Amino acid sequence: MEMLFTSSTLSELYQLSFSFSPSHTHSCTYVMPALLVVGLVLAFFSLSASAATVETSFHVKNLTVNRLCQNQVIMAVNGSLPGPTLRVKEGGFNLTGQVGTLWWHAHSQWLRATVHGALIIRPREGQKYPFIKPYREDTIMLGEWWNADPNDVESAALATGAVPNIADAYTINGWPGDMSNSTCRSNITYRLDVVPGRTYLLRIINAALNTQFFFKIANHNFTVVAVDAAYTNPFPTDVVVVKPPTSC
């Protein structure tokens, strides 16, 4: 879903917070702001966008990253988590009538825990968004992090018939928050500076495997303007529930 919000005039940094599904007891606080949610599976490596062709190369290989104070080998695209953002315009590769944010992800076991990225669809040439032009946009991918290979987590659950282990942390754009469920604390988390009084568009994607998130910007309201790459009647709210994707 896409949301607009106008930053407070009190300071230049705002604390955004989200808590997790009631079925979990963890909560986290992050710093960042602006929004949209998606849920379409993509497996494209060359994208045709309106009058131009957008070609994207995916180099999928192991990557060693440090999270929760330990090194972990993950599968990643182009050496980053999340993977590259694909940007096209409406009408490209048969995406007619869709404007907003979708996402691509792996379809092999639980590789999509780390093999995923955003797909942003801009309006056609000469067309504008049917809402106020934001001062800035930002894409936020919410996810889960295990101190283990996600495929091993899945295999253990399948072998026993038990519920998969709950993630060791929850992430924004690949980084755990400073209040993650861990004895390890890190100063590295996702942060976004905003200008007081400006309107921002935040594109939200839930890339988690099993968790729904309640997303809320502390001391702010926002306006939902699109859901799943389709405009909606704008409606104000101060919290949204972002479910995990239904396509696996």
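Bear in mind that the values here come from a model prediction, so they are computed numbers and not experimental data.
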Handout entry: Heavy-atom check, side chain of Trp103 versus side chain of Leu119, under 4.5 Å
Key = no
Handout entry: Side-chain (Asp168) to main-chain (Asn147) donor-acceptor, under 3.5 angstrom
Key = yes
Problem - Within-4.5 Å side-chain heavy-atom neighbours: Trp146 and Gln72 - result: no
Exercise for the section: Determine whether Asp152 and Trp110 make a side-chain contact, defined as any pair of heavy atoms from C-beta on separated by less than 4.5 Å. Expected result: no
Practice task
Could you verify whether a donor N or O on one side chain and an acceptor N or O on the other, from Asn66 and Asn71, lie under 3.5 Å apart?
Solution key: yes
Handout entry: Sub-4.5 Å side-chain heavy-atom contact between Asn173 and Thr171
Key = no
Exercise for the section: State, yes or no, whether a side-chain contact exists between Ile74 and Val65 at a heavy-atom distance under 4.5 Å. Expected result: yes
Handout entry: Leu68-Leu209 co-clustered via ILVMFWY side chain contacts under 4.5 Å
Key = no
Practice task
Please confirm whether the backbone N or O of Val242 pairs with a side-chain atom of Asn206, one donor and one acceptor, at under 3.5 Å?
Solution key: yes
Exercise for the section: Take Asn219 and Ile217 through the test side chain to side chain contact (heavy atoms under 4.5 Å, CB included) and record every step on the way to the result. Expected result: CA-CA 6 Å; Asn219 302 317; Ile217 302 175; over 6 Å; no
Exercise for the section: Please state whether the rings of Phe213 and Tyr170 are parallel, tilted or perpendicular, taking 30° and 60° as the class boundaries. Expected result: perpendicular
Fill in the blank from the handout: Nearest heavy-atom approach of Val153 to Ala148 is CG2-CB, 4.3 Å
Exercise for the section: May I ask you to decide if the ring planes of Tyr200 and Tyr135 are parallel, tilted or perpendicular, using 30° and 60° as cut-offs? Expected result: perpendicular
Practice task
Taking all heavy atoms of Pro176 and all of Gly174, pick out the closest pair and write down the distance.
Solution key: CD-O, 4.0 Å
Problem - Salt-bridge present (Arg203, Asp138; N to O < 4.0 Å) - result: no
Problem - Ser108 side, atom OG; Met75 side, atom CE - distance, nearest 0.5 Å - result: 8.5 Å
Handout entry: Straight-line distance of Ile166 CD1 to Asn210 CG, nearest 0.5 Å
Key = 9.5 Å
Problem - Salt-bridge present (Glu90, Arg122; N to O < 4.0 Å) - result: no
Handout entry: Interatomic spacing from OG1 in Thr199 to CZ in Phe222 - rounded to 0.5 Å
Key = 14.0 Å
Problem - Nearest atoms (heavy-atom pairs only) where Ala208 meets Arg112 - result: O-NH1, 3.7 Å
Practice task
State, yes or no, whether a side-chain contact exists between Thr237 and Asn221 at a heavy-atom distance under 4.5 Å.
Solution key: no
Problem - Given Ile205, Leu111, Leu81, the one that forms side-chain contact (heavy atoms from CB on, under 4.5 Å) with His116 - result: Leu81
Exercise for the section: Mind telling me whether His107 and His105 have parallel, tilted or perpendicular rings, with 30° and 60° as the class edges? Expected result: parallel
Handout entry: Shared hydrophobic cluster, Phe58 / Ile120 (ILVMFWY, side-chain heavy atoms < 4.5 Å)
Key = no
Problem - Minimum heavy-atom distance Asn78-Ser57, with the two atoms named - result: ND2-O, 3.1 Å
Handout entry: More than 12 heavy atoms of other groups within 6.0 Å of Ile132 CD1
Key = no
